[in-house]
Colleague: 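Okay, here's the structure, questions in a sec.
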Number of protein chains: 2
Amino acid sequence: MNDHLSLTFNALADPTRRAMLNQLSRGEANVSELAKPFLKDMSLPAVTKHLKVLEKAGLITKTREAQWRSCKLNSAPLKEATDWMEQYRIFWEESLDRLEVYLKSITNNKKSKGKKNGIKKQRK
Amino acid sequence: MNDHLSLTFNALADPTRRAMLNQLSRGEANVSELAKPFLKDMSLPAVTKHLKVLEKAGLITKTREAQWRSCKLNSAPLKEATDWMEQYRIFWEESLDRLEVYLKSITNNKKSKGKKNGIKKQRK
DNA sequence: TTTATATTTAACTTTTTAGTTAATTAACCG
DNA sequence: CGGTTAATTAACTAAAAAGTTAAATATAAA
């Protein structure tokens, strides 16, 4: 699929590419620098391909300086992806709320008004 | 890759699967209900496969009731993915800051103290 | 017990992805 | 110029993804 959100999520669905973004979050880097941590696991052309995926998703931009390509993080697609996820925030927050309620229910702290013995053996 | 974050992002990298999650955010639904909007485009086994991807990523859980499988959204992996993205928030927020500064610089509103003609021709 | 409904599994095809090695491009450097 | 460095492209392979149709499973209902 080639809608933008799909391109972004797809680019993020690989630990090598996420690690590359991570490195770029600490500053620009050229291809050899980005490749270094991965050259035990894969060839340089493989790195080039990963960078292409990131580039097509708009997550990085490359500028050339002599024979070096400097890569720079572009966070706009990450914002877009996060914005999409926001619509689900209410779900995990309500889960956390329920967890909190549960944790309170099993903690016999002050203000545990009434309902003593609120916990019975629950395992079959 | 089979780390959890990769499974999640991969599951989200498809508009059909995102639409399914979207429907589930409005309440539980069984397979046929989920499939309905897509049966013009794909077969039922294709839908089953998409649901399997979502299930393996932990984004949905299925419960069986007679011959129906009811699917339910599980937001935990979405939270995990959002938490990962949070580390980049600073980047898009600083971009927005720069945009804001720029927009202010080109708007001749009150308090535009000094630095008139703050913009010169910048192209070579 | 047959039939209908809901869903999955099997077997297969096509396309895409992720990697490889070898060759190519492009710039710099002595 | 000739060699070195940085990176990409080409051509290929293997494996995974996404779809298909047909068959199987499991439950309900008549």
Side-chain angles (χ1 to χ4, degrees), chain A residues 1-21 23-24 27-73, chain B residues 1-21 23-24 27-73:
Chain A
M1 282 296 165
N2 43 4
D3 66 291
H4 205 191
L5 219 36
S6 296
L7 283 175
T8 302
F9 282 130
N10 179 63
L12 296 178
D14 181 285
T16 301
R17 293 193 288 260
R18 288 199 304 279
M20 287 168 164
L21 290 181
Q23 165 152 11
L24 290 176
E28 297 193 22
N30 62 40
V31 175
S32 333
E33 288 164 347
L34 279 170
K36 189 167 292 170
F38 306 108
L39 291 181
K40 341 150 192 145
D41 305 312
M42 70 185 74
S43 67
L44 195 58
V47 169
T48 296
K49 287 193 180 182
H50 279 302
L51 291 174
K52 271 214 179 328
V53 173
L54 290 170
E55 207 175 4
K56 281 187 182 147
L59 285 161
I60 65 170
T61 51
K62 274 190 253 187
T63 55
R64 72 185 307 163
E65 177 117 21
Q67 67 265 61
W68 293 274
R69 267 77 164 180
S70 184
C71 302
K72 185 178 185 301
L73 177 70
Chain B
M1 283 294 165
N2 42 3
D3 66 290
H4 204 191
L5 219 37
S6 297
L7 284 174
T8 302
F9 281 130
N10 178 65
L12 296 177
D14 181 285
T16 301
R17 292 193 289 260
R18 289 198 304 278
M20 286 168 164
L21 291 180
Q23 164 152 10
L24 290 177
E28 298 192 22
N30 61 40
V31 175
S32 332
E33 287 164 348
L34 280 170
K36 189 168 292 170
F38 306 108
L39 291 181
K40 342 149 191 143
D41 306 313
M42 70 184 74
S43 67
L44 196 58
V47 169
T48 296
K49 286 191 180 182
H50 279 302
L51 291 175
K52 271 213 180 330
V53 173
L54 292 170
E55 207 175 4
K56 280 186 182 148
L59 285 161
I60 65 171
T61 51
K62 275 190 252 187
T63 54
R64 76 184 305 164
E65 176 118 20
Q67 67 265 62
W68 294 272
R69 266 77 164 180
S70 183
C71 302
K72 185 177 186 304
L73 178 70

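Quick caveat: nothing in here was measured; it's all calculated off a predicted structure. Numbers restart at 1 for each chain; the letters A, B, ... are given by sequence-line order, proteins then strands.
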Colleague: If you find the nucleotide of DNA chain D closest to A:V31 and the one closest to B:N10, which residue's nucleotide is nearer the 5' end?
Modeller: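 Counting from the 5' end, the first nearest nucleotide belongs to A:V31.
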
Colleague: Does a side-chain N or O from A:S43 land closer than 4.0 Å to OP1 or OP2 of C:dG19, or not?
Modeller: no

Colleague: Examine D:dT9: is either OP1 or OP2 under 4.0 Å from a nitrogen or oxygen in the side chain of A:K49? Give yes or no.
Modeller: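 A:K49 to D:dT9 OP1/OP2: no side-chain N or O under 4.0 Å.
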
Colleague: B:E55 or A:V53: which one's nearest nucleotide on DNA chain C is closer to the 5' end?
Modeller: B:E55

Colleague: Can you tell me the distance, in whole Å, between the CG atom of B:L39 and the C1' atom of D:dT20?
Modeller: 14 Å

Colleague: Do any side-chain atoms of residues 55-66 of chain A form donor-acceptor pairs under 3.5 angstrom with protein atoms, and if so which ones, sequence neighbours left out?
Modeller:
none

Colleague: Let me know the distance between CZ of A:R64 and P of C:dT25, rounded to the nearest Å.
Modeller: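 Roughly 13 Å, once rounded to whole Å.
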
Colleague: Can you check whether B:H50 has a side-chain N or O nearer than 4.0 Å to OP1 or OP2 of D:dG19?
Modeller: yes

Colleague: According to a strict under-4.0 Å criterion, is B:K62 in side-chain N/O contact with OP1 or OP2 of C:dT8?
Modeller: yes

Colleague: From CG of B:D14 over to P of C:dT17, roughly how many Å is that when rounded to an integer?
Modeller: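 In whole Å, C:dT17 P and B:D14 CG are 12 Å from each other.
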
Colleague: Counting N and O atoms only, with roles assigned by atom type, does the side chain of B:E33 sit under 3.5 Å from a partner on the main chain of B:N30, one being a donor and the other an acceptor?
Modeller: yes

Colleague: Can you tell me the distance, in whole Å, between the CH2 atom of A:W68 and the C1' atom of C:dC29?
Modeller: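 After rounding, the reported distance stands at 10 Å.
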
Colleague: Rounded to whole Å, please give me the gap between CG in A:N30 and C1' in D:dT8.
Modeller: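 Going from A:N30 (CG) to D:dT8 (C1'), I get 14 Å.
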
Colleague: If only side-chain N and O atoms of B:R17 are considered, is one of them under 4.0 Å from the OP1 or OP2 phosphate oxygen of D:dA18?
Modeller: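 Checking D:dA18 against B:R17, a side-chain N or O does come within under 4.0 Å of OP1 or OP2.
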
Colleague: Which nucleotide wins on minimum distance to the side chain of B:P45, given the candidates D:dG19, C:dG19, D:dA22?
Modeller: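 Per side-chain heavy atoms of B:P45, the pick is D:dA22.
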
Colleague: Mind calculating the distance between CZ (B:R69) and P (C:dT9) to the nearest angstrom?
Modeller: 8 Å

Colleague: Between C:dA10, D:dT27, D:dA6, which nucleotide has the shortest distance from any of its atoms to the side chain of B:Q67?
Modeller: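 Out of C:dA10, D:dT27, D:dA6, the nucleotide with an atom closest to B:Q67's side chain is D:dT27.
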
Colleague: Which one, C:dT20, D:dT27, C:dT9, comes nearest to the side chain of B:K52?
Modeller: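 For the B:K52 side chain, the nearest candidate turns out to be C:dT9.
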
Colleague: If you count the non-hydrogen atoms of other residues, nucleotides and ligands that lie under 6.0 Å from CG in A:D41, is the total more than 12?
Modeller: yes

Colleague: Would you confirm whether A:R17, through its side chain, and A:N10, through its main-chain N or O, come within 3.5 Å as a donor-acceptor pair?
Modeller: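 Side chain of A:R17 to backbone of A:N10: a pair is present.
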
Colleague: Between C:dA27, C:dT8, D:dT20, which nucleotide gets closest to the side-chain atoms of B:L44?
Modeller: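 Of the options given, the side chain of B:L44 lies nearest C:dT8.
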
Colleague: Among C:dT8, D:dT8, D:dG19, which nucleotide has an atom closest to any side-chain atom of A:T48?
Modeller: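 Given the options C:dT8, D:dT8, D:dG19, the side chain of A:T48 is closest to D:dT8.
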
Colleague: Would you kindly give the CG-to-C1' distance between A:D41 and C:dT20, to the nearest whole Å?
Modeller: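 About 14 Å, once rounded to whole Å.
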
Colleague: Quick one: B:N2 CG to C:dA18 P, roughly how many Å, whole number?
Modeller: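 Computing the B:N2:CG to C:dA18:P distance gives 14 Å.
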
Colleague: Taking atom CZ of A:F9 and atom CZ of B:R18, what is their separation to the nearest 0.5 Å?
Modeller: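 If we round to the nearest 0.5 Å, A:F9:CZ and B:R18:CZ are 6.5 Å apart.
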
